[in-house]
Amino acid sequence: MSQPVQALLFDVFGTVVDWREGVARDAAAFLRRRPAARQDAYAFADAWRALYSPAMEAVRAGRRPFTRLDQLHRENLEATLPAFGVDPASAPEDELQWLNRAWHRLDPWPDSVAGLARLKAGHIIATLSNGNTSLLLNMAKYAGLPWDAILGAEAAQAYKPMPQAYLRTAELLDLPPERICLVAAHNGDLAAARRCGFKTAFIMRPREFGPEQRTDLAAEQDWDWVARDLVELAGILGC
């Protein structure tokens, strides 16, 4: 007989919060202050986000030591700006810092806060995100996310989907992997967690990448649970 799940760990960007809208909102404010710049905030958000995984891959592959996501985001921001007609060297440092911290100020999906509150009543709920600790703490305060703990890449010193990201997080919780469920809107993340022995729950976020999204529109494996949102997941789990 399988043991009940004690902890629910959550991917955050895209699963719990809407990164694209939040980043585009702040990018729009930044670009409006530069009328000569290319005024396409959603394209800016997409271009910045497109550098996310390649930047982490340098860490995963051992080409650079573990580097916090805030630093990777800043490097990626400076790489993105020229394509939108902005010389990073011409922008005041305080404005660059403010824009880089757009990732700290992301709004939750409409179901997220209520769903997490229900799930928390019966489980430990914590992050298992590639975001660094201060980023996730600031986001939790901004968005009202009621985490029991902030865990993930920085605590594990490994970026998903490296096995260490999942297994070291389980060690920090002092729980065997089979007592933990990863909740994510990304099939690849769930596949990596399953290989580490975690239970899995797929949440549908068909607009994470905007109206033309082509990936992660449906569950691609027989995940343990599949739900349209976190409130529905709470109901499925009896919370």
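- When every heavy atom of A7 is checked against every heavy atom of L175, the shortest pair comes out as CB-CD1, 3.7 Å.
- Under the 4.5 Å side-chain heavy-atom criterion for Ile, Leu, Val, Met, Phe, Trp and Tyr, F13 and L233 are members of the same hydrophobic cluster.
- Between T80 and L51 there is a side-chain heavy-atom pair separated by less than 4.5 Å.
- Of the charged side-chain nitrogens involved, at least one lies within less than 4.0 Å of a carboxylate oxygen, so that R60 and E57 count as a salt-bridged pair.
- Nearest heavy atoms, A234 versus G115: CB-O, 4.4 Å.
- Side-chain contact annotation: S134 with R68, donor-acceptor N/O pair under 3.5 Å present.
- No side-chain heavy atom of I180 sits under 4.5 Å from any side-chain heavy atom of Q6.
- Q71 contributes atom CD, which lies 12.0 Å from atom CZ of F66 (distance to the nearest 0.5 angstrom).
- Residue pairs meeting the salt bridge (charged side-chain N to carboxylate O under 4.0 Å, His left out) criterion with at least one member in residues 176-191, sequence neighbours excluded: K160-D189.
- Between the side chains of N187 and W223, a donor-acceptor pair is found at a separation under 3.5 Å.
- In this structure, P65 and V59 approach most closely via the heavy-atom pair O-CG2, 3.8 Å.
- Listed by first then second residue, pairs satisfying ring-ring contact (aromatic ring centres under 6.0 Å, His included) with a partner in residues 130-157 read F10-W147, not counting sequence neighbours.
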*Given the rule in the side chain to side chain contact (heavy atoms under 4.5 Å, CB included) test, do M204 and D229 qualify, once you have shown the distances and angles that lead to the verdict?*
CA-CA 6 Å; M204 298 176 188; D229 57 34; over 6 Å; no

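- Side-chain heavy atoms closer than 4.5 Å link hydrophobic residues (I, L, V, M, F, W, Y) into clusters, and following such links, even through other members, never connects L9 to W225.
- With a 4.5 Å cut-off on side-chain heavy atoms, L182 and K199 do not count as touching.
- When all heavy atoms of V226 and A219 are compared, the closest pair comes out as CG2-CB, 3.9 Å.
- Residues L128 and L137 are members of separate hydrophobic clusters, defined by side-chain heavy-atom contacts under 4.5 angstrom among Ile, Leu, Val, Met, Phe, Trp and Tyr.
- Taking the six-membered ring for Trp, F209 and W19 have ring centres closer than 6.0 Å.
- Note: the hydrophobic cluster containing V5 also contains I125 (ILVMFWY, side chain heavy atoms under 4.5 Å, direct or indirect links).
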*Under the side chain to side chain contact (heavy atoms under 4.5 Å, CB included) rule, what do V17 and M139 come out as? Steps first, then yes or no, please.*
CA-CA 9 Å; V17 298; M139 182 197 297; 3.7 Å; yes

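- Side-chain contact check for H104 and D70: at least one donor-acceptor pair (N or O, by modelled atom type) lies under 3.5 Å.
- Atom CZ of R228 has 12 or fewer heavy atoms from other residues, nucleotides or ligands within 6.0 Å.
- F198 and L230 fall into different hydrophobic clusters, defined by Ile, Leu, Val, Met, Phe, Trp and Tyr side-chain heavy atoms under 4.5 Å apart, directly or through other members.
- The pair R34-E95 meets the salt-bridge criterion, since a charged nitrogen lies less than 4.0 angstrom from a carboxylate oxygen.
- In this structure, OG1 in T200 is found 7.5 Å from CG in D222, a value given to the nearest 0.5 Å.
- The closest side-chain heavy-atom distance from N138 to R101 is below 4.5 Å.
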*Go through the steps for E75 and R64 under the test salt bridge (charged side-chain N to carboxylate O under 4.0 Å, His left out), then give the verdict.*
CA-CA 14 Å; E75 295 169 10; R64 67 185 295 183; 2.9 Å; yes

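- Taking 4.5 Å as the limit, some side-chain heavy atom of N132 sits within range of a side-chain heavy atom of L135.
- Under a 4.0 Å N-O distance rule, the pair D216/R205 does not qualify as a salt bridge.
- The environment of CG in D174 is sparse: at most 12 heavy-atom neighbours from other residues, nucleotides or ligands sit within 6.0 Å.
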*Please step through side chain to side chain contact (heavy atoms under 4.5 Å, CB included) for the pair Q221 and L190, ending with a clear verdict.*
CA-CA 9 Å; Q221 294 188 36; L190 294 174; over 6 Å; no

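- Under the 4.5 Å side-chain criterion, counting only non-hydrogen atoms from C-beta, N130 is in contact with Y52.
- Here the rule is side chain to side chain contact (heavy atoms under 4.5 Å, CB included) with V16, and of D11, L116, L106 only L116 fits it.
- The heavy-atom pair separating H123 from C239 by the smallest distance is CE1-SG, 3.4 Å.
- E78 has a carboxylate O that lies under 4.0 Å from a charged side-chain N of R74, or vice versa, which qualifies the two as a salt bridge.
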*Could you go step by step and tell me if D18 and R20 meet the side chain to side chain contact (heavy atoms under 4.5 Å, CB included) rule?*
CA-CA 6 Å; D18 183 353; R20 189 172 188 264; 4.0 Å; yes

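- Closest non-hydrogen pair, A45 versus A24, comes out as CB-N, 4.0 Å.
- Taking a cutoff of 4.0 Å between a charged side-chain nitrogen and a carboxylate oxygen, D107 and R25 qualify as a salt bridge.
- Contact check for L72 versus M56: side-chain heavy atoms found under the 4.5 Å cut-off.
- Side-chain contact between Q157 and R168 is present, with heavy atoms from C-beta onward closer than 4.5 Å.
- Under the ring pair (Phe, Tyr, Trp, His ring centres under 6.0 Å) criterion, F30 pairs with no residue, sequence neighbours left out.
- Checking Y42, W103, F84 one by one against W48, the ring-ring contact (aromatic ring centres under 6.0 Å, His included) holds for a single residue, W103.
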